[in-house]
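Have a look at the structure below, then the notes.
As the structure is a computational prediction, the values presented were derived from the model and not from experiment.
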Amino acid sequence: MNYLIGVDVGTTATKAVLYDEHATVLGHFSKQYALYRNSQGMAEQDPATIVNAVETTIHDAAAQADLEHGKLLAVAFSSANQSVIMLDKNYRPLSRFITWADTRAGKVARRLKYLPLGKIIYQRTGTPIHPMSPLTKIMWLHRAQPAKVAQTSYYGDLKAYLFHQFFGVFKLDVSVASCTGMMDIRTQDWDERALKLAKIERHQLPEIVSTTTRETGLLKVAQEKMGIPADTPFVYGAFDGALSNLGVGAIQSHEVAITIGTSAGVRVVTDHPVIDPHQRLFCYVVDHERWVVGGPLNNGGDVFQWAVENLVDVNAAENEPVDPYAFANHAIAGVPAGAHGLIFHPFLGGERAPLWNANARGSFFGLSELHTRADMLRAVVEGICMNIATVFDAVSDVVGKPLSVTATGGFARSKVWRQMLADVLDCRVDIPESFESGCLGAITMAMESLGMIHQLNEVTDFIGDVQSYLPDADAVATYQKCLPIFKQVEKLLAPAYDEIAQLQEEE
C-alpha cells in the first residue's frame with residue numbers, strides 16, 4: 001500500500017490526515033497551539049511552535065503507515081492565508097506570525113480603502129482593503145515598528161517559512177500569494193503598485209510557484225523529526241478556503257461551499273476572475289485555471305464557544321450526562337425558529353465580509369424579560385447563520401444563484417446547526433462524511449502533480465457519503481422575516497462601531 005499525507009496548518013491547530021493512494025482515510029492527527037492576542041488587536045503565532053506542530057503531525061501520520069512495504073508518495077499542504085513574518089538576511093524570524101485575525105492595521109486599512117488607489121488595488125489584486133491583508137500589515141509595520149522594518153530583509157508567510165525550514169527555499173504557491181493584496185490575479189505575479197505602496201522590493205517576497213510544485217530533499221533536521229524519507233515530495237497546495245471547495249467537490253460556479261470552523265467562509269469557484277463592484281467579496285486564485293470568489297467571516301464557532309461559556313447554566317449542565325456543547329445544542333433545539341423575536345449580531349471579533357469593519361461589535365436586539373438563556377443561545381447560532389447568509393447573498397449577486405451548498409467544519413457535527421443553515425439560506429445543504437476537506441483538497445493537488453489523476457474534478461470520486469438537509473418551509477418563512485431586520489439593525493448600528501471600539505480600547 002502507498003500513502004499520501006494531507007496537512008492543514010490552521011489558526012489554532014495543525015491537522016494531518018493519512019490516506020492510501022485511493023484517498024481512503026486511514027487516520028487523523030492534530031496538534032493545537034496558542035494564538036497570542038491582546039486588547040490592541042494583536043493575533044500572533046509562534047513560528048517554532050508551528051514548525052513543531054507540522055513536524056509532529058506528519059511524524060504521527062507517517063508512523064501509522066507501513067513504510068517498510070509501502071511508499072509515502074507525497075505530503076501536501078493546505079494553510080491559513082494572510083499571515084506575515086519578518087525575516088532577517090539569514091531568514092531568521094524577527095517577529096512572530098502576524099495572522100489574518102490581527103487588526104492592528106485597522107487605521108491604515110481605513111485610510112487606504114477610501115482613496116482612489118485603494119479601489120484600484122482591490123480591482124487588481126482581488127483582496128479587499130482590510131487589516132487582514134499582508135499589504136496593510138506591512139504598511140502598518142513601517143509606521144509602528146520602523147526599527148524592526150529596517151532590520152527586515154524578507155517578508156514571508158506561514159507556508160513560505162515552513163518550506164524554508166524544511167528545504168531551504170523561499171517560495172510560495174500562487175493561491176496563497178493571491179491573498180496578500182500584492183499579487184495581480186490576472187498576471188499572477190507581484191503587483192508593482194502594491195509593492196510600492198508597501199515600500200518593499202519583489203526580491204523581499206517569496207518566488208511565486210504553481211500549486212502543484214514539488215520540493216524534495218528534506219533538510220536533515222526536519223527529516224529526522226518527521227521520520228520520513230528525505231526524498232518524499234512536498235507539494236505546496238493552496239490556501240485553506242480554496243482547498244475546502246476542492247475537497248467537497250464544489251468546483252463549479254453553481255456550487256457554493258461554506259465552512260464554519262473557528263471562523264467561517266462562503267466561496268464559489270469560477271473559470272475567470274470576478275470582482276465585486278461593491279468590494280464585499282474577495283477573488284483569489286485556486287490554480288492557473290480557476291479562481292475562488294467569496295467572503296471570509298471572523299465569527300463562527302468561536303462565537304458559539306463564547307455563548308456556551310457564558311450562557312449555559314453550569315449547575316444545570318453538571319446534572320446532565322453530556323458536555324456543555326451538547327447541552328447547549330439540546331437547549332437550542334427546544335426553541336422555535338426566530339428565538340421568540342430575538343436577533344443577535346455575532347461581530348465579537350470585528351467582521352470581514354461583507355462589512356469589512358474591524359470595529360464591528362456584537363449585540364442582542366429585541367431582548368425582553370421573557371427571553372431565556374435558551375432563547376439567547378439559539379439567537380447566537382441563528383445570528384452566525386444569518387451573517388453567513390449576507391455573504392451568501394453577495395456571492396449570488398455577482399456569480400448567480402447557486403444550485404447547491406456543501407458545508408463543512410466543526411459545526412457539521414451538530415444536527416441543529418445543519419438544519420438551521422438550510423432553513424436560513426432556503427437551500428439544500430449537503431454535508432460530506434469527511435470533515436477535513438482542506439486535507440483532501442491538498443492531496444488531490446498532490447495526485448495531479450504526480451500524474452495519478454488528470455483533472456482536479458476527479459476529487460468527486462473520493463468524497464464518500466453525503467447527508468442532505470432540505471429547508472423546512474415554516475422555519476424558512478420565519479427567517480425571511482428575521483433576516484431583513486438583521487440587516488437593518490446592522491446598518492443602524494454601523495455608525496457607532498468606531499466609537500464603541502474606541503471606548504473599549506480606553507478601558
Side-chain angles (χ1 to χ4, degrees), residues 11 37-43 81-82 98-115 117-119 121-123 125-137 139-140 179 181 241 262-266 275-283 294-300 302-303 306 343-365 380 383-395 397-398 483-507:
T11 306
R37 289 184 178 272
N38 67 16
S39 59
Q40 281 71 52
M42 181 189 76
N81 58 355
Q82 296 176 324
I98 306 172
T99 71
W100 62 268
D102 195 294
T103 60
R104 288 174 291 177
K107 291 181 180 178
V108 172
R110 283 195 295 275
R111 280 193 292 267
L112 178 59
K113 182 175 182 178
Y114 295 108
L115 292 175
L117 180 58
K119 184 175 183 180
I121 293 294
Y122 168 70
Q123 292 173 336
T125 68
T127 303
I129 306 300
H130 184 270
M132 68 176 184
S133 78
L135 169 63
T136 59
K137 287 183 173 71
M139 292 173 65
W140 170 76
C179 308
T262 302
S263 56
V266 181
I275 299 297
D276 178 17
H278 302 294
Q279 301 188 47
R280 296 167 296 179
L281 306 173
F282 61 65
C283 180
L297 301 98
N298 285 4
N299 302 286
D302 58 343
V303 178
W306 167 86
I343 289 175
F344 178 73
H345 291 86
F347 310 137
L348 303 191
E351 192 49 280
R352 290 179 289 171
L355 307 181
W356 300 106
N357 188 341
N359 288 334
R361 293 294 183 264
S363 61
F364 282 101
F365 178 73
V380 166
I384 295 169
C385 291
M386 284 192 278
N387 196 30
I388 289 169
T390 64
V391 183
F392 181 81
D393 290 344
V395 169
D397 287 347
V398 300
L483 192 54
I485 300 173
F486 178 93
K487 295 178 180 179
Q488 180 185 12
V489 173
E490 186 281 315
K491 288 180 181 179
L492 291 171
L493 293 178
Y497 285 149
D498 290 349
E499 294 180 31
I500 194 66
Q502 180 64 37
L503 182 63
Q504 291 171 348
E505 288 177 6
E506 294 171 358
E507 288 293 320

For this session: To the nearest 0.5 angstrom, please state how far the NZ atom of Lys137 sits from the NE2 atom of His130.
Result: 8.5 Å

Exercise. Counting distance only, does the side-chain N/O of Thr99 pair as donor-acceptor with the main-chain N or O of Ala43 below 3.5 Å?
Worked result: yes

Problem set entry | Distance in Å, Asn359 CG paired with Gln502 CD, rounded so as to fall on 0.5 Å steps | 8.5 Å

For this session: Could you label the plane-to-plane angle of the Phe344 and Trp306 rings as parallel, tilted or perpendicular, counting under 30° as parallel and over 60° as perpendicular?
Result: parallel

Exercise. Do the side chains of Glu490 and Phe365 get nearer than 4.5 Å, heavy atoms only?
Worked result: no

Exercise. Does Asp302 offer a backbone N or O that forms a donor-acceptor pair with the side chain of Thr262 under 3.5 Å?
Worked result: no

Exercise. Taking the side chain as C-beta and beyond, is there a heavy-atom pair between His278 and Asp397 under 4.5 Å?
Worked result: no

Problem set entry | Side-chain (Asn81) to main-chain (Cys179) donor-acceptor, under 3.5 angstrom | no

For this session: For Asn299 and Leu348, indicate whether the former's side chain and the latter's backbone hold a donor-acceptor pair under 3.5 Å.
Result: yes

For this session: Say whether, by atom type as modelled, one donor and one acceptor occur between the side chain of Ser133 and the main chain of Ile129 under 3.5 angstrom.
Result: no

For this session: Report the relative orientation of the aromatic rings in His345 and Phe486; use parallel for angles under 30°, tilted for 30 to 60°, perpendicular for over 60°.
Result: parallel

Problem set entry | Side-chain heavy-atom pair Leu281, Val391 within 4.5 angstrom cut-off | yes

Exercise. Within a strict 4.5 Å, meaning less than it, do heavy atoms of the Leu297 and Asn387 side chains meet?
Worked result: yes

For this session: Taking the side chain as every heavy atom from C-beta outward, state whether Pro296 and Gln82 have any atom pair closer than 4.5 Å.
Result: no

Exercise. Glu351 versus Thr390: any side-chain heavy-atom pair under 4.5 Å?
Worked result: no

For this session: Report yes if the side chains of Asn357 and Asp498 come closer than 4.5 Å at any heavy-atom pair, otherwise no.
Result: yes

Seminar exercise, completed: The reported gap from CG in Asn298 to CE in Met132 (rounded to nearest 0.5 angstrom) is 9.0 Å

Problem set entry | Any Phe347 side-chain heavy atom under 4.5 Å of Val303 side chain | no

For this session: Would you give the length of the straight line joining atom CE of Met42 to atom CZ of Arg104, rounded to the nearest 0.5 angstrom?
Result: 6.0 Å

Seminar exercise, completed: Scanning both residues in full, the closest heavy-atom pair of Pro131 with Gly106 reads CB-N, 3.7 Å

Problem set entry | Heavy-atom neighbours of Lys119 NZ exceed 12 at 6.0 Å | no

Exercise. Does the side chain to side chain contact (heavy atoms under 4.5 Å, CB included) test come out yes or no for Thr125 and Leu135, once each step is laid out?
Worked result: CA-CA 10 Å; Thr125 68; Leu135 169 63; over 6 Å; no

For this session: Return yes if some donor-acceptor pair links the side-chain N/O of Trp140 with the main-chain N/O of Val108 below 3.5 Å, else return no.
Result: no

Exercise. What distance do Tyr122 atom OH and Ile275 atom CD1 have between them, rounded to the nearest 0.5 Å?
Worked result: 5.0 Å

For this session: Say whether, by atom type as modelled, one donor and one acceptor occur between the side chain of Lys113 and the main chain of Pro128 under 3.5 angstrom.
Result: no

Exercise. Is the side chain of Glu505 donor-acceptor paired with the backbone N or O of Ser39 at a distance under 3.5 Å, no angle test?
Worked result: no

